[in-house]
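The residues of the chain are indexed from 1 along the displayed sequence.
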Amino acid sequence: MKNQSKIKKYLSIIFYLFFLSSCTTLKIPSTYHYQAIKTQTFTLATWQKITDPDAPIRIYVEGDGNAFDKWGNPTNNPTPKSTFVREMAFNDYNPNVVYIARPCQFIQTKLCTKECWSTGRFSYQAVQALYEATKKISHNKPIIYIGYSGGALLTGLVIQEFPQINVIKWITIAGLLDHKAWSDYLNLYPLTKSLNLKKLPNLPQLHYIGKNDSVIPLPLIKKITHGKNLYIINNATHNSNLEQIFPLIYKE
């Protein structure tokens, strides 16, 4: 019975994410150019707008995308159907803005297996790939990381594993901050092939979370952050009614 309960909770979360993933075609602004960045492990898809060499670079990192189907099974392609993170990035009026997809999203390589977007989606190889891509984009200029959902944990892991990176602020939106605490809290299967944060990074940070988010529950985030640097978004779920914070994000 306990295993059945765990499976039901797991499937309900996966189905919710699957349901929210269906979205419309997105128009790419002319100010952005596409660039595939090859790393030692994965090749990451990016869209970049760099217009001021002296300003910080704001890097938006995608969530888990279309990683699971409605039955809770890993899909054959984790490329996000939702355009939420790209819309947020493409509407950012700051001079230097970059959107980075997660490993195996948009670009499949020989290293891409279902483990890469399931139990191993926060593997060292994934963290290393984001670090290398960030380094190639930023050339050690100041970075503001903005991670959505699973992208929050991946950016945090880059900060943890590669402390030499020049991140001046870390912003998360509906962010997964501790996958073990999350799987324990929701009684889900653990991400056995993934790294985890040992603690929250010691740098300026802000965590936005929907009051009605059932995927990353508010009580869990309150516990992990101790209520610090936490901005609760009323009437918002995991990816609905989050657009109201766009102006706040752009001012950071």
Side-chain angles (χ1 to χ4, degrees), residues 17-18 20-51 57-69 74-92 94-118 120-139 141 143-158 162 165 167 171-176 194 239 249:
L17 289 170
F18 176 82
L20 292 174
S21 69
S22 56
C23 269
T24 56
T25 303
L26 178 66
K27 182 178 179 181
I28 311 298
S30 59
T31 50
Y32 284 79
H33 73 274
Y34 171 80
Q35 182 177 349
I37 298 181
K38 189 174 183 179
T39 72
Q40 294 182 58
T41 51
F42 303 100
T43 300
L44 302 185
T46 74
W47 281 265
Q48 305 180 26
K49 176 185 70 174
I50 307 292
T51 62
I57 300 176
R58 301 164 59 84
I59 297 180
Y60 290 81
V61 179
E62 183 61 76
D64 292 345
N66 185 41
F68 294 89
D69 62 25
T75 63
N76 292 322
N77 189 332
T79 298
K81 294 181 179 179
S82 169
T83 61
F84 171 72
V85 183
R86 281 169 287 168
E87 287 179 7
M88 184 163 47
F90 295 158
N91 284 296
D92 191 328
N94 286 281
N96 301 330
V97 181
V98 176
Y99 165 90
I100 301 183
R102 300 272 292 281
C104 306
Q105 295 178 351
F106 300 101
I107 301 172
Q108 297 272 312
T109 68
K110 62 181 181 181
L111 293 178
C112 288
T113 65
K114 291 182 179 181
E115 181 182 286
C116 296
W117 53 91
S118 56
R121 57 186 179 268
F122 306 113
S123 67
Y124 182 82
Q125 290 78 15
V127 176
Q128 182 183 33
L130 180 57
Y131 164 69
E132 289 182 19
T134 300
K135 189 176 178 182
K136 289 182 178 181
I137 292 167
S138 68
H139 301 289
K141 293 184 178 69
I143 300 157
I144 299 174
Y145 258 152
I146 305 165
Y148 169 70
S149 193
L153 182 54
L154 195 64
T155 51
L157 286 169
V158 171
F162 299 94
I165 195 168
V167 177
I171 300 172
T172 73
I173 303 166
L176 178 60
S194 292
N239 71 348
I249 298 290

Once you round to the nearest 0.5 Å, how far does CD1 of I100 lie from CD1 of I37? 6.0 Å
Closest non-hydrogen atom pair between V85 and G63, with its separation: CG2-N, 4.5 Å
Heavy atoms, side chains only, cut-off 4.5 Å: are Y148 and T172 in contact? no
Value rounded to 0.5 Å, distance of OG in S138 from CD1 in I165: 6.0 Å
Just by distance, do the side chain of K136 and the backbone of K38 share a donor-acceptor pair under 3.5 Å? yes
Verify side chain to side chain contact (heavy atoms under 4.5 Å, CB included) between M88 and I173, making sure each step is shown before the conclusion. CA-CA 11 Å; M88 184 163 47; I173 303 166; 3.5 Å; yes
Closest heavy-atom pair and its distance - N66, K81: ND2-CE, 3.8 Å
Report the distance from atom SG of C104 to atom CZ of F42, rounding to the nearest 0.5 Å. 5.0 Å
Mind running side chain to side chain contact (heavy atoms under 4.5 Å, CB included) on I143 and T134 for me, showing each step along the way? CA-CA 9 Å; I143 300 157; T134 300; 3.4 Å; yes
Heavy-atom closest contact (T43 atom, A36 atom, distance): CG2-CB, 3.9 Å
I59 and I146: CA distance, side-chain angles, deciding distance, side chain to side chain contact (heavy atoms under 4.5 Å, CB included) verdict: CA-CA 6 Å; I59 297 180; I146 305 165; over 6 Å; no
Any side-chain heavy-atom pair of P80 and F106 under 4.5 Å: yes
In this structure, NZ of K135 is separated from CD of Q128 (nearest 0.5 Å) by 11.0 Å
Going by atom types alone, do E62 and Y99 pair a side-chain donor with an acceptor below 3.5 Å? yes
For R102, is there any backbone N or O sitting under 3.5 Å from a side-chain donor or acceptor partner on Q105? yes
Do the side-chain N and O atoms of T79 and N77 include a donor-acceptor pair separated by under 3.5 angstrom? yes
Sidechain-backbone polar pair: T83 side chain, L26 backbone, donor-acceptor under 3.5 Å: no
With ring pair (Phe, Tyr, Trp, His ring centres under 6.0 Å) as the test, would you mind laying out the steps for F122 and W117 before giving the verdict? CA-CA 8 Å; F122 306 113; W117 53 91; over 10 Å; no
In short, R58 meets D92 closest at the heavy-atom pair NE-OD2, 2.7 Å
Calculate, to the nearest 0.5 Å, the distance between atoms CD1 and CD belonging to I137 and Q48 respectively. 4.5 Å
Under a 4.5 Å cut-off applied to non-hydrogen side-chain atoms, are T46 and Y34 in contact? no
Looking only at atom types and distance, does a side-chain atom of S123 sit under 3.5 Å from a main-chain N or O of A126, one as donor and one as acceptor? yes
Value rounded to 0.5 Å, distance of OG1 in T75 from NZ in K114: 7.5 Å
Apply disulfide (SG to SG under 2.5 Å) to C116 and list each qualifying residue two or more places apart in sequence or on a separate chain. none
Which heavy-atom pair separates L130 from V158 by the least distance, and what is that distance? CD2-CG2, 3.7 Å
Consider only side-chain N and O atoms of T39 and Y131, and report whether a donor and an acceptor are under 3.5 Å apart. no
Test log, rule side chain to side chain contact (heavy atoms under 4.5 Å, CB included), inputs Y60 and V97: CA-CA 8 Å; Y60 290 81; V97 181; 3.6 Å; yes
Give a yes or no answer on whether the side chain of Y32 reaches the backbone of A89 with a donor-acceptor pair at less than 3.5 Å. yes
For I107 and L44 the tightest heavy-atom approach is CD1-C, 4.0 Å
T113 and E115: side chain donor to acceptor below 3.5 Å: no
